[in-house]
2 protein chains.
Amino acid sequence: MTTSERLVDATRELLWERGYTGTSPKAIQQRAGAGQGSMYHHFAGKPDLALAAIRRTAEEMRAAAERVLGGEGTAYARVEAYLRRERDVLRGCPVGRLTMDPDVIADGALRAPVDETLDWLRGRLAGILREGVASGEFDRSLDPERTAAAVVATVQGGYVLARASGSAAAFGAAVDGLLALLAGRRAA
Amino acid sequence: MTTSERLVDATRELLWERGYTGTSPKAIQQRAGAGQGSMYHHFAGKPDLALAAIRRTAEEMRAAAERVLGGEGTAYARVEAYLRRERDVLRGCPVGRLTMDPDVIADGALRAPVDETLDWLRGRLAGILREGVASGEFDRSLDPERTAAAVVATVQGGYVLARASGSAAAFGAAVDGLLALLAGRRAA
DNA sequence: GTCTATATGCAGATAGAC
DNA sequence: GTCTATCTGCATATAGAC
């Protein structure tokens, strides 16, 4: 792995664990095993490095979601597979957590990949739900867009509940609750 | 207002806007119009002041929720009133956002009020949903605990979606989606 | 109770040697 | 490409005068 790659990876880990404000250049260098000069040779500074890290994390999250969402089965089964997919629940969402960082939200370039990723996910889920309605699997009255927003919000909020309680079970409860509601909209 | 109160209020605002890591003693002092000596006279340091601020914020959030949840109407109507209650959506949840702060999660004393508040809220909503099931308003198969977890998660996740997109509408879409699903579980 | 002085170390770089 | 030196200012206090 190149020094540049190690710097990006170290930044990705630190952004996930400590957020943008809580991540210092020095900490990045130490984790990457790189010196100051090295970091500033490859990147213009902290925002530039963070941008590269966030883009990479966003890409990976999208790919991971697509692996599950693009699978086999009914619309309900694919949404369920997404919701129940294995997660490092107590670590939080590496993309969603950035929305609580004021410096990320204030910088359009840093916010863009976050927004695009969550919006892509919402749209992808909405498409699956729309198929489910069209095929007669779901009740006609189910609104794919709003339901998809609720699905994404439940996941993001599930992380909050899990971290507050220190237990991954809180995430599971929220997901179970949502899935039970969604199951009730399947056409008889 | 006393100097001590002004310090707590300033800390509450800053924790909401910038989180624990992003909030410095100096910023607190400036916002409160108090000097260094003054702050360290009234509080042992940043963690002590943050604890007072978090407890106060937690109390207020609970009181605000109770004002809506303790109102009149069916179980569905009260849950809806809670979900649609006016919120400063783009500012995020002053309690929930703290779960993304590693220094808060690592400190049991700071995490406790956060956990207790979200857990109280979940329990309060579960009680209302349980009444709704008992009264025949909701389908017998509705699980009050898990559904309540989904409601709280949707709100917390709604803030994430809103802040990512820069639009309060994203919060509204998630809430609409969840309410539509919940409405479908009302007994015929 | 509040103020000013003082202190260590980190944040976030820039400059220039090698 | 990487290293070391250097810089300004903030983070987070402590000490002691008033």
| dG1(D), dT2(C), dC10(D): which one has an atom nearest the side-chain heavy atoms of S38(B)? | dT2(C)

| NA contact type, G37(B), heavy-atom cut-off 4.0 Å: base, sugar-phosphate, or nothing? | base

| Can you find a side chain N or O atom of T3(A) that sits less than 4.0 Å from OP1 or OP2 on dT2(D)? | yes

| task | Compute both the distance and the angle, then confirm whether R87(B) meets the cation-pi test with F171(B): under 6.0 Å from the six-membered ring centre, within 45 degrees of the axis. | result | no

| said: From NE2 of H42(A) over to P of dA13(C), roughly how many Å is that when rounded to an integer? | reply: 17 Å

| remark: Which of E137(B), E131(B), E72(B) passes salt bridge (charged side-chain N to carboxylate O under 4.0 Å, His left out) with R78(B)? It is E131(B)

| field | Y20(A) OH - dG12(C) C1' separation (whole Å) | value | 10 Å

| query | Is R18(B) close enough and on-axis enough to Y20(A), meaning under 6.0 Å and within 45°, for cation-pi? | reply | no

| said: Is S24(A) close enough to dC10(C) that one of its side-chain N or O atoms is under 4.0 Å from OP1 or OP2 there? | reply: no

| Would one find a side-chain N or O of K46(B) under 4.0 angstrom from OP1 or OP2 of dT12(D)? | yes

| query | Starting at the 5' end of DNA chain D, which residue's closest nucleotide do you reach first, Q36(A) or H41(A)? | reply | H41(A)

| Is it the case that R97(B) places NZ or CZ above or below the six-membered ring of W16(B), under 6.0 angstrom from the centre and within 45 degrees of the axis? | no

| task | Round to a whole Å and report the spacing from CZ of F43(A) to P of dT14(C). | result | 15 Å

| message | Whole angstroms only, please: what is the NZ-P distance between K26(B) and dC10(D)? | response | 5 Å

| task | Rounded to the nearest angstrom, tell me the gap between atom CZ in R18(B) and atom C1' in dC10(D). | result | 13 Å

| Between dG16(D) atom P and Y40(B) atom OH, what is the distance in whole Å? | 17 Å

| Where the side chain of P47(A) is defined as all heavy atoms beyond and including C-beta, which of dA13(D), dA13(C), dC10(D) is the nearest nucleotide? | dA13(C)

| request: May I ask you to say what T2(B) touches in the nucleic acid, namely base, sugar-phosphate or nothing, with a heavy-atom cut-off under 4.0 Å? | output: nothing

| note | In whole angstroms, the gap separating P of dG12(C) from CD of Q29(A) amounts to 11 Å

| task | Grab the CE-C1' distance between M39(A) and dT4(D) for me, whole Å please. | result | 16 Å

| remark: On a heavy-atom basis, the closest approach of A10(A) and R31(A) is CB-CB, 3.9 Å

